2 protein chains.
Amino acid sequence: MTSSAFDISTSAPDAAPEFTPRQEAVLAHALTLLVEGGEKALTTAGLARTANCSKESLYKWFGDRDGLLAAVVAFQASKVHFPSEAGATADAQTFRRHVTAFVKELLTVLFGESSLALNRLSISNSTREENRLGNLLLVRGKHMISARARSLLEAGRHKGLLKFDDPEEAYQILYGLAVRDIHIRLLLGDTASAAERDLDAQAATAVDQFYRLYGA
Amino acid sequence: MTSSAFDISTSAPDAAPEFTPRQEAVLAHALTLLVEGGEKALTTAGLARTANCSKESLYKWFGDRDGLLAAVVAFQASKVHFPSEAGATADAQTFRRHVTAFVKELLTVLFGESSLALNRLSISNSTREENRLGNLLLVRGKHMISARARSLLEAGRHKGLLKFDDPEEAYQILYGLAVRDIHIRLLLGDTASAAERDLDAQAATAVDQFYRLYGA
DNA sequence: AAAGAACCGTACCGTACGGTTCGTGTTGGT
DNA sequence: ACCAACACGAACCGTACGGTACGGTTCTTT
């Protein structure tokens with residue numbers, strides 16, 4: 001039985017894990033190490049050195065190395081917040097702007113170095129059964145975002161601006177139109193083209209095509 | 001300077017690395033280990049044991065562990081072959097069938113356990129500079145496929161069946177419509193839904209939507 | 001049949017890292 | 001001023017794995 005001081009399974013998905021500021025500072029250092037050098041660059045000794053804390057504190061706070069990694073994922077996920085939709089007062093133009101802004105925010109998060117590093121980390125640990133990290137990233141990252149997207153799209157359908165049967169299916173199409181293969185290419189170490197870095201334009205064209213498929 | 005007996009950069013992208021049958025058998029065992037347990041399950045000692053060869057031979061053939069990993073990637077990539085298009089004799093219906101078949105083949109390869117394992121491997125090693133594995137997978141996998149797709153789509157445009165400016169851009173949209181977020185979810189250890197496992201239906205709907213965007 | 005190359009199995013070495021323990025200092029409460 | 005809790009840093013241990021060396025075996029070539 002490997003027990004960890006930080007057990008995500010006992011905390012509600014939307015409840016912040018409530019790290020102390022000191023712990024958050026350490027986790028920020030851990031994230032920096034991950035972004036710079038990948039998982040093997042994040043050693044307990046190295047983190048203790050760069051964060052000016054002791055290994056003993058790390059193990060006291062996070063249980064073991066896996067708990068530390070899970071804490072980094074949860075910590076970073078807690079910092080990503082998609083703005084809630086303004087409400088039902090929006091007309092067609094502002095709704096479409098909301099959708100475009102959502103897509104741009106999605107791409108901004110997804111293509112950020114922190115997100116890429118954590119996705120790489122979770123993916124490389126997604127082989128063993130009882131895979132905490134992958135599930136953690138899915139439930140605290142993707143599922144949150146997709147729930148947010150579904151409510152946004154359903155609002156558009158309710159106003160007669162969009163037409164689809166399954167909100168999840170519609171969201172997946174929007175995701176595919178916006179992300180294409182860029183995410184996997186970035187994860188593999190490729191660099192985005194100049195056009196792909198213009199997230200405003202990318203979001204606009206994706207939403208344009210989405211409307212041609214699902215506009216009312 | 002880390003030298004390896006297997007240096008992919010000196011071989012043409014379309015030239016088979018020409019492993020001996022014995023070496024290919026060992027690489028097949030290595031791939032099995034990777035699929036079952038991820039990168040950390042592929043140890044030199046473990047591979048020597050399961051493949052009934054000596055560690056000395058592994059180092060003689062592949063230089064070092066990185067060379068072994070690169071050889072596994074190159075070996076598996078060499079086994080994936082997309083059928084070339086039948087030619088210019090096709091009418092609109094059969095051309096569309098060709099596109100659909102291409103998409104289905106793409107999904108079959110991408111969602112296969114071997115591809116997922118190698119993608120996980122390359123991604124987890126895509127942090128260090130001079131990243132061989134990620135580039136290797138991109139060059140011998142994705143770029144091959146996208147070249148094949150571009151020529152297919154351009155044939156369709158030439159026949160007046162499709163309408164687009166940039167073949168690469170059109171292919172990316174087709175990719176996004178077909179793959180959506182399924183690839184990244186599978187990489188993270190999620191399981192595809194029943195509908196997502198029906199690759200024929202997935203390919204059909206993706207091509208349908210693609211035609212609504214790019215059909216002439 | 002003899003020579004030589006290739007290869008297997010195993011034992012071995014060095015290192016890196018996860019995890020533990022301990023001595024010392026620092027801080028905050030009474 | 002005293003004490004208890006906390007945490008820093010360093011030393012230490014066990015293990016796992018990459019890489020090497022070597023003796024014995026099989027297969028090929030002449």
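Values in this document were obtained by computation on a predicted structure and should not be read as measured data. Sequence lines set the chain letters: A, B, ... in the order given, protein chains first and strands last, and positions in each chain run from 1.
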Atom pair CG/OG1 of A:Asp200 and A:Thr100 - distance to nearest 0.5 Å: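 It comes to 9.5 Å.
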
Whole angstrom is fine here: how far is it from [atom1] in [X] over to [atom2] in [N]?
X: A:Trp61; N: D:dA7; atom1: CH2; atom2: C1'; result: 8 Å
X: B:Lys60; N: C:dC8; atom1: NZ; atom2: C1'; result: 14 Å
X: A:Lys40; N: C:dT15; atom1: NZ; atom2: C1'; result: 16 Å
X: A:Leu47; N: C:dC17; atom1: CG; atom2: P; result: 13 Å
X: B:Leu58; N: D:dA21; atom1: CG; atom2: P; result: 16 Å
X: B:Asn52; N: D:dT25; atom1: CG; atom2: C1'; result: 15 Å

Heavy-atom protein contacts under 4.0 Å, nucleotides 19-25 of chain C, coded B base, S sugar-phosphate only, - none: BB-B---

Heavy atoms of other groups near B:Asp165 CG, more than 12 under 6.0 Å: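 No, the 6.0 Å shell around CG holds no more than 12 heavy atoms from other groups.
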
Minimal non-hydrogen separation, B:Pro167 against B:Arg157, with atom names: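 Reported closest heavy-atom pair: CG-NH2, 4.1 Å.
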
State whether [X] and [Y] are salt-bridged, where the test is any N-O pair (Lys NZ or Arg NE/NH1/NH2 against Asp/Glu carboxylate O) under 4.0 Å.
X: A:Arg180; Y: A:Glu196; value: no
X: A:Glu39; Y: A:Arg65; value: yes
X: B:Glu168; Y: B:Arg150; value: yes

Comparing A:Ala45 and B:Arg22 on DNA chain C - which has the more 5′ nearest nucleotide: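 Checking each residue's closest nucleotide, the 5'-ward one belongs to B:Arg22.
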
side-chain N/O A:Ser57 vs D:dC8 OP1/OP2, d < 4.0 Å: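 Answer yes for this pair, as a side-chain N or O of A:Ser57 is under 4.0 Å from OP1 or OP2.
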
